[in-house]
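Have a look at the structure below before the remarks.
Since the structure is predicted, the reported quantities are computational estimates derived from the model, not experimental observations. What you see below is based on every heavy atom in this structure, not just the backbone, and it leaves out hydrogens, waters and symmetry mates.
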Amino acid sequence: TNADGYTPCHLLASMFAPPVDSADTHHEACAVVAAKLVEKSADLLAKVGRMEHRTDCEAEGHRERTALEIAAGRNTVYPKRALQHLSKSFHCPEESILFTEILSVARANPGVAGVVLDRMRACDAKQVGEQLWREVERDFEQVDGEERSDMEWGRPGAQSAASSS
């Protein structure tokens, strides 16, 4: 991580332009580099720092964003058809932030969002469902600061669990 909070994944997302001869080769190069970073335990959910010392347009567009959010932006050279390679949902669905990532990907390339969803379908549905609930709960807690019980959320199985106790 550098002084601004950029990880190698952020650098890949924002400025990696290998000397290649075609869009296909650029796509493949980004996929290979992203896969290698994930293999080496890159944190795909890491966010760039606040960069309070910077006021330039790039800092404004990257501040507190994940590599995927940066790559999905309009002003990056990262190929939009390779966005799944920067998605935690693609590599580790059970640890992902699916709603957030699918929205970022779908805005830039709806077809690639389908690729990520296909990967999710191959996983244990219960585990993915639990992860989705955690994501929703985390987002609501960030908005109103309150925790809710499973009953208040209407989480599947909460009613039967409460009545059996």
* Asked: Angle class for the H91/H85 ring planes (parallel below 30°, perpendicular above 60°, tilted otherwise)?
  -> tilted
* **Minimal non-hydrogen separation, A113 against I102, with atom names** => O-CD1, 3.8 Å
* Shared hydrophobic cluster, F99 / V116 (ILVMFWY, side-chain heavy atoms < 4.5 Å) -> yes
* Asked: In terms of hydrophobic clustering (I, L, V, M, F, W, Y; side-chain heavy atoms under 4.5 Å; direct or indirect links), are L68 and V33 co-clustered?
  -> yes
* To do: Decide yes or no for L103 and E69: does some side-chain heavy atom of the first lie under 4.5 Å from some side-chain heavy atom of the second?
  => no
* Asked: Can you tell me if E101 uses its side chain to pair, donor with acceptor, with the backbone of S89 under 3.5 Å?
  -> yes
* Are any side-chain N or O atoms of H10 and backbone N or O atoms of A46, one a donor and one an acceptor, separated by less than 3.5 Å? -> yes
* **Gap separating the CZ atom of R54 from the NE2 atom of H62, nearest 0.5 angstrom** => 8.5 Å
* Structure fact -> CG (L83) and OG1 (T76) are apart, to the nearest 0.5 Å, by 8.0 Å
* **Euclidean distance, H27 NE2 relative to K80 NZ, rounded to 0.5 Å** => 12.0 Å
* Asked: Which of these, V48, T1, L12, sits in a side-chain contact (heavy atoms from CB on, under 4.5 Å) with Y6?
  -> V48
* To do: Start with the C-alpha gap between L44 and F90, add the side-chain angles, then the distance that decides, and say whether side chain to side chain contact (heavy atoms under 4.5 Å, CB included) holds.
  => CA-CA 10 Å; L44 294 172; F90 183 77; over 6 Å; no
* D56, CG atom: more than 12 neighbouring heavy atoms under 6.0 Å -> yes
